[in-house]
Protein chains: 2
Amino acid sequence: MAKIDRTSGVPIYRQIKQILVADIEASDGAGPVMTEEELLRRFRVSRAPIRQALRELSDEGVVYRERAKGTFPVRRSQVKRPSALKFGGLISYLQDRGLHPVTEVAELDRSRPPASVAASLELAPDEDVFTFSRQIALEGGAPVFWARLFIRSPEEFRPTAEELKQSGSAFSLLARDHGINITRSEHVVWLTGATPEESRGLQVPEGSPVLVVETLGFTKDGRPGTWRRSAQLPDELKLVFESNDPLWG
Amino acid sequence: MAKIDRTSGVPIYRQIKQILVADIEASDGAGPVMTEEELLRRFRVSRAPIRQALRELSDEGVVYRERAKGTFPVRRSQVKRPSALKFGGLISYLQDRGLHPVTEVAELDRSRPPASVAASLELAPDEDVFTFSRQIALEGGAPVFWARLFIRSPEEFRPTAEELKQSGSAFSLLARDHGINITRSEHVVWLTGATPEESRGLQVPEGSPVLVVETLGFTKDGRPGTWRRSAQLPDELKLVFESNDPLWG
DNA sequence: TAGTGGTCTAGACCACGCC
DNA sequence: GCGTGGTCTAGACCACTAT
């Protein structure tokens with residue numbers, strides 16, 4: 001597959017992206033310098049799909065482009081970059097380390113959340129939300145992770161504990177049943193003492209040091225859709241994320 | 001400024017972006033639906049700059065686009081979204097809260113880092129790096145933040161403590177003097193006990209719970225350029241970041 | 001001066017969502 | 001059907017970098 005198929009229905013720029021990624025992976029190390037001119041001749045297409053392919057590869061961090069110089073592959077380490085830990089990802093993360101995590105969901109309800117949460121979710125005065133808690137524990141051992149979620153959703157959204165456990169995600173149910181997707185989220189991370197609720201969920205004394213992550217999730221139109229607060233024990237789990245900011249220090 | 005100036009040298013799509021952002025902010029709330037067709041007529045330009053403007057606004061999360069529907073403004077809360085805390089940002093963050101942080105840099109050196117760091121930075125066997133530590137304390141009070149940095153850099157890069165304090169950032173010096181920029185970074189966050197070094201820097205007992213952030217910074221070509229580990233005390237500081245992943249849980 | 005990516009024009013056809 | 005954004009063509013001129 002180093003040729004463009006114009007009958008496949010797959011956009012040309014996607015085919016080009018795929019070919020270029022394969023090229024870069026094959027070259028392995030001192031990658032090729034590409035120019036638009038060269039790619040125009042090679043694929044015999046106009047400049048638009050070439051530029052769209054290169055722009056997307058640049059956005060994805062596969063290549064970088066410098067005006068008047070060229071387009072160069074970004075050197076990547078061999079190690080897989082883990083993205084931010086998800087609930088689902090959390091379980092496979094633990095499994096990959098030979099552990100046997102067990103997840104439990106409880107306290108399912110539709111109700112009015114605490115005022116601070118209602119404010120964050122910009123709820124109408126009479127609006128209620130779906131809420132539940134999720135605990136992740138090592139098999140036969142102590143819990144390592146506990147979270148409470150509030151999900152703004154239609155009245156009919158009332159999944160069962162079994163559905164939540166099986167799907168691994170309330171949000172995938174929300175997307176499947178109501179076409180509501182969370183596309184962006186804001187996370188605040190800090191170190192503090194476990195609340196009473198968290199101390200019960202994690203089976204540690206109240207005030208024990210826990211890593212707290214508060215996440216507000218937004219739908220594509222920018223409305224807040226979910227609020228989540230998770231707490232985890234020291235050393236058990238690491239949170240990984242990436243940024244494209246210039247670095248300071 | 002609601003007209004395109006073709007003589008200004010500012011690209012048309014940038015002028016369009018600016019106008020559209022102003023439109024959205026002015027509309028405040030139930031924002032306008034834009035279509036490419038309408039913008040073509042309004043600005044009397046071809047489709048390329050229109051699409052580039054809308055694509056960038058979409059990437060920036062200002063609008064979202066739906067095929068066959070239109071382009072809609074993303075509703076934003078009034079609250080400022082703090083981006084990931086930077087060292088420089090950390091100081092203004094504390095100042096904004098009426099505190100008076102003092103930053104100290106120490107232990108400046110060019111040397112060979114520990115093996116694990118050398119491996120992360122993919123150093124040559126004989127390569128050394130610039131290293132130093134930075135402490136942030138409240139005025140007359142205890143430190144709240146301590147970090148150690150290792151910066152891959154030319155032999156000549158040997159800033160003084162004063163330069164580091166004044167610029168607020170070793171990376172801005174590296175960019176200014178050697179044109180080396182950190183464009184992407186990977187962060188790992190977890191809760192653990194303070195190392196001996198950190199316990200001295202933070203003036204707490206060894207093993208006290210601290211929030212640790214390990215950051216690896218990369219240059220545009222994908223080579224690791226900096227390694228940083230910071231530790232901070234409970235409740236003092238919060239780390240904020242944003243992601244565009246679909247949310248799980 | 002030659003070659004690069006950045007920007008723009010003026011068209012065209014298509015897939016998809018809504019009515 | 002009709003209007004939307006998605007994709008593509010075939011040109012053009014420019015700013016910037018390296019030589």
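Residue numbering restarts at 1 for every chain, and letters A, B, ... go by the order of the sequence lines.
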| Within the distance-only criterion (no hydrogens, no angle test), does the side chain of A:Glu163 pair as donor or acceptor with the backbone N or O of A:Thr160 below 3.5 angstrom? |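 Such a contact is found between A:Glu163 side chain and A:Thr160 backbone.
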
| request: For B:Gln15 and B:Val10, indicate whether the former's side chain and the latter's backbone hold a donor-acceptor pair under 3.5 Å. | output: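 Looks like yes, one N/O pair under 3.5 Å.
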
| task | Please work out which residues in residues 49-65 of chain B have a non-hydrogen atom less than 4.0 Å from an atom of DNA chain D and list them by number. | result |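 Those residues whose heavy atoms fall under 4.0 Å from DNA chain D, taken from residues 49-65 of chain B in numerical order, are B:Arg51, B:Arg65.
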
| Taking it one step at a time, do A:Arg110 and A:Ser153 satisfy side chain to side chain donor-acceptor pair (under 3.5 Å)? | CA-CA 10 Å; A:Arg110 280 206 72 93; A:Ser153 51; 3.1 Å; yes

| field | Nearest-angstrom distance from the residue atom CZ of A:Arg47 to P of C:dG5 | value | 8 Å

| request: Give the rounded distance in Å between these two atoms: CZ of A:Arg41 and C1' of C:dG3. | output: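 That distance rounds to 11 Å.
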
Does the side chain of [X] pick up a donor-acceptor pair with the side chain of [Y] at under 3.5 Å?
X	Y	result
B:Asn181	B:Thr183	no
A:Ser133	A:Arg148	no
A:His187	B:Ser243	yes

| Nucleotide range of DNA chain D lying under 4.0 Å from chain B heavy atoms |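 Nucleotide range with atoms under 4.0 Å of chain B: D:dG3 to D:dT7.
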
| task | Enter the distance from A:Arg229:CZ to A:Thr215:OG1 here, rounded to the nearest 0.5 Å. | result |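 Rounded to the nearest 0.5 Å, the CZ-OG1 separation comes out at 11.5 Å.
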
| note | Assert: residue with more 5' nearest nucleotide on DNA chain D, out of A:Arg6 and A:Lys69, is A:Arg6

| Of A:Ala68 and B:Tyr13, whose closest DNA chain C nucleotide lies nearer the 5' terminus? |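 It is A:Ala68 whose nearest nucleotide is closer to the 5' end.
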
| said: Evaluate A:Thr226 against A:Arg152 for side chain to side chain donor-acceptor pair (under 3.5 Å), listing each step before the verdict. | reply: CA-CA 6 Å; A:Thr226 76; A:Arg152 188 179 202 175; over 6 Å; no

| request: Give one of base, sugar-phosphate or nothing for A:Arg44, where a contact means two heavy atoms less than 4.0 Å apart. | output: nothing

